[in-house]
4 protein chains.
Amino acid sequence: MSEKSTAPRRTQAERRSESEEALLDAAADLVAERGIERASLASIGERAGASRGLPTHHFGSKDALIERLARRAQDCIQDSMVAGVERARRAVGDLSELDLILVSVDIYLEIFFDNPSPEERALLVIWGSTFPSSSSVEGMAEAHRRSYQGWADLIEAGQEAGSIRGDIDSNSFSVLILGMIRGVAGLSLTDAGVVDTQLVRDSCRASLSAALAPQSHVT
Amino acid sequence: MSEKSTAPRRTQAERRSESEEALLDAAADLVAERGIERASLASIGERAGASRGLPTHHFGSKDALIERLARRAQDCIQDSMVAGVERARRAVGDLSELDLILVSVDIYLEIFFDNPSPEERALLVIWGSTFPSSSSVEGMAEAHRRSYQGWADLIEAGQEAGSIRGDIDSNSFSVLILGMIRGVAGLSLTDAGVVDTQLVRDSCRASLSAALAPQSHVT
Amino acid sequence: MSEKSTAPRRTQAERRSESEEALLDAAADLVAERGIERASLASIGERAGASRGLPTHHFGSKDALIERLARRAQDCIQDSMVAGVERARRAVGDLSELDLILVSVDIYLEIFFDNPSPEERALLVIWGSTFPSSSSVEGMAEAHRRSYQGWADLIEAGQEAGSIRGDIDSNSFSVLILGMIRGVAGLSLTDAGVVDTQLVRDSCRASLSAALAPQSHVT
Amino acid sequence: MSEKSTAPRRTQAERRSESEEALLDAAADLVAERGIERASLASIGERAGASRGLPTHHFGSKDALIERLARRAQDCIQDSMVAGVERARRAVGDLSELDLILVSVDIYLEIFFDNPSPEERALLVIWGSTFPSSSSVEGMAEAHRRSYQGWADLIEAGQEAGSIRGDIDSNSFSVLILGMIRGVAGLSLTDAGVVDTQLVRDSCRASLSAALAPQSHVT
DNA sequence: AATGAATGAGTATTCATTCAT
DNA sequence: GATGAATGAATACTCATTCAT
């Protein structure tokens, strides 16, 4: 109606995607809050300001919705980290590959400790729900692959450039890095208050630095 | 006594604790397999070779059962690790505090990768289920406290004895260590096959060693 | 309209309220028959010709359903009594306030003894279930308030008009009247056959008449 | 042991009956509090300071226990009323049959309003639970028979002695009287606070007096 | 596209009862 | 006589999914 002039009439696709975004936002909230099983489709629809039936209508099934959520959350976190690294680069000037890794890890933990988005918590929750052997969230496995690849690429680049020692295995260190940040993040949820987050961040950075930096001249 | 040979004359107390152990075994199995929510009390009772009602009868509620399971699993894992360390000590002779840490971590991962007990998987699953903010398994928080304490004590002892560098914070490194092994273990579940477990173990050992070992003479 | 002949084209709202009425009918039946506790939601759904899950779907909880039932039953009984009084008025002509009370009580008992509707029995059953101290059916308390008010208004009107003696307390007589009809109705259920219902009706009428009528000239 | 001397060693029968009394006390409490269905045998055993299994052991089934409770409660209330009437007789001197009825009713309500014993509440609760048509507590029907008989005997005696008018039906008035006190008592439970108990007692007395007293000479 | 009515399977929990000690 | 372990049926409530509107 009155949307005629400047406001670009929303296409079907856009309207669809608006609904979907709202639903995924609500899902992230609720999954972060209650876990996957207790985040009912009805509650997701309602928190999104829509009907109880909309989630099924859009995603077909709960599994599909969670899959989509996992994917979107991973993208979203990736973006935050890239943005953070970019900020660091502008502040500090050039960063070696090792520095990139350290900064990335640190930014992830900083965001997670200080100002976690629902997506971040939701992704962790979804990860946690994959531990049972009969469980599988296809989106998670894919997210891991992407993540491993990113770390491994960085490590290998650093090895070529000399900022990372050459005798380490990039693949297993990718697992180690992702495991460390996920594990530390997961622990901080239960033990909030017990853990001094700044010190933990420092320790992670120091530990990775010690492990990845080229060996100093040892006599 | 009145214990006529091998006759199944058990006292009430014996029957009770036998039942409980059987139920906890079954619960560990099923929780590891399906997760907490999908491990129904009925299925636990039946897998224990008993009735559907027995779990509630014994533990009063599902939460209480999970609590008990978490505690027992933590104890059980602790024991495995102590036994493994003991074996290592007998094989290698004296171990420094740093070595103790490295060996412990390695043994945990070895067991987890190669021959995980239901308890170990179950504990990880229970941990994963604590990620939602509204969730809480009292037993987990306690298990963490015990675990942190163990690592921190080791680190501090090592610092006094000189096998661990003095300028690190024992508490935050405890979080890091537990986070690392939990996180790596969790990842290995989803990405079994992707991850070369031996290399990951080596990387963890190397990384911790680099971080904790007293600094070599740097020029 | 779009209401094609008698076709079962019902709007959502119509379907909803039809379902609810059917469920409340079934609930009245079953509560009257078995009591609240033994009238399971599943049985109510099924007797209503619907699924086991429908009662919860509509009313949210069993308590809410019972509440609604109590309210509806009270309304329904009220209506029967009003209709009965109206019939009496048409038959006999003008009725004094005292007569209104006597006729109302008599009609209630007549219906209850001779041709009780499920609602009437159900309301009595619900009332009986409020006797335990920890129990409460909010709908009942409200039903009582309405009922007391009705009787008290009548009494006071009669006192002003002179058909009821002035020295009685309208509130406590309201309790007495409601207590009497409820109590007598309740007894008649257990002792059906023992009690000659016509005589009891007469006795109630006589007793109330003697108590409420203006004092005759006593020498 | 030390019970040897004066303390009469308890016979089996006595011990049995001690246990039973304790169980019935506990049952009265719990039934009054929660209703029959929610007063579990286990809770009764435990409140009696015994084991969960004792109630079944003694009474065989829950129904049998409730039966026994109903019987004992009725006896107990009867005794209170007799005692109260006795007190009144000593205080006021001779009482006509009409006075006996009025005093009995008044005492019942007084006890119920001011200082109800668990038995009294329990009996009312049990009565309430007999309203569903498929329900039956054999003890209640018997209690009613005894009660009706008592009132009817009194009325007939009064009619012969001239203290009660001759043209009323003793049986239906028995129902009326018991219904009135039960009904008023039942209402007072839900509407405690709404009801001015003293005024209600007065109204009951006045109403019965007006109904039963020999007709004054009406011109 | 969107709503929400309806379904039915699943689950924790309660509880009377049985039975071994 | 007394205990309490064990059973299994019953039941309120949750929730993904289907389908009519």
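Below, chains carry the letters A, B, ... as their sequence lines are ordered, and counting in each starts from 1.
Side chain of C/Thr130 to main chain of D/Thr190: no donor-acceptor pair is present (N/O by atom type, distance under 3.5 Å, no hydrogens or angles).
Look at CZ on A/Arg38: it is 16 Å from C1' on F/dA16, rounded to the nearest Å. Taking atom CG of residue C/Leu30 and atom C1' of nucleotide F/dT11, one finds them 14 Å apart after rounding to whole Å. Rounding to whole angstrom units, CD of residue B/Glu46 and P of E/dT11 are separated by 11 Å. Residue A/Ile36 contributes atom CD1, which lies 15 Å from atom C1' of F/dC15 at whole-angstrom precision. Computed from coordinates, the C/Ile44 CD1 to F/dA10 C1' distance equals 15 Å when rounded to whole Å. Whole-Å rounding puts the B/His58 NE2 to F/dG4 P distance at 13 Å. Whole-Å rounding puts the A/Glu20 CD to E/dA2 C1' distance at 14 Å. As a whole-Å value, the separation of A/Glu37 CD from E/dG10 P is 14 Å.
Taking the side-chain contact (heavy atoms from CB on, under 4.5 Å) definition, one finds that D/Ala28 meets it with D/Leu69, D/Pro118, D/Glu119, D/Ala122, sequence neighbours left out. Partners of C/Ser19 by side chain to side chain donor-acceptor pair (under 3.5 Å), not counting sequence neighbours: none found. Remark: C/Pro55 engages C/Leu23, C/Leu41, C/Ile44, C/Leu65 in a side-chain contact (heavy atoms from CB on, under 4.5 Å) (not counting sequence neighbours). For B/Ser40, the side chain to side chain donor-acceptor pair (under 3.5 Å) criterion is met by B/Ser43, not counting sequence neighbours. A/Arg68 is linked by a side chain to side chain donor-acceptor pair (under 3.5 Å) to A/Glu20, counting only residues two or more places apart in sequence or in another chain. Applying the side chain to side chain donor-acceptor pair (under 3.5 Å) criterion to C/Asp25, with sequence neighbours excluded, gives C/Arg72. Partners of D/Glu67 by side-chain contact (heavy atoms from CB on, under 4.5 Å), not counting sequence neighbours, listed by chain and number: D/Arg71, D/Val137, D/Glu138.
Heavy-atom nearest nucleotides on DNA chain F were determined for B/Leu54 and for D/Leu54, and the one closer to the 5' end corresponds to D/Leu54. Along DNA chain F, the nucleotide closest to D/Ala50 and the one closest to C/Ser40 are compared, and the more 5′ of them pairs with D/Ala50.
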N/O to N/O distances under 3.5 Å, protein versus nucleotides 17-19 of chain E:
residue: E/dT17; atom: OP2; partner: D/Lys62; partner atom: N; Å: 3.1

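Residues from residues 122-141 of chain B with heavy atoms under 4.0 angstrom of DNA chain E: there are none.
Legend: salt bridge (Lys or Arg N to Asp or Glu O under 4.0 Å) pairs involving residues 54-64 of chain D, not counting sequence neighbours: none detected. Pairs of residues two or more places apart, or lying in two chains, that qualify as side-chain hydrogen bond (donor to acceptor under 3.5 Å, both in side chains) and include a residue from residues 47-57 of chain B are B/Glu33-B/Arg47, B/Glu46-B/Arg52.
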**Message:** A/Phe131 vs B/Val31, test: side chain to side chain contact (heavy atoms under 4.5 Å, CB included). Steps then yes/no.
**Reply:** CA-CA 10 Å; A/Phe131 296 169; B/Val31 165; over 6 Å; no
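In this structure, of F/dG8, E/dA2, E/dT7, it is E/dA2 that holds the atom nearest to the side chain of A/Ser19. Listed candidates were E/dT3, F/dA5, E/dA5. Nearest to the side chain of A/His57 is E/dT3.
For DNA chain F, runs of at least 3 consecutive pairs of the Watson-Crick or G-U wobble type, with both hydrogen-bonding distances under 3.5 angstrom, map to E:2-21 with F:2-21.
For the pair A/Ser133 and B/Arg121, the minimum side-chain heavy-atom distance is below 4.5 Å.
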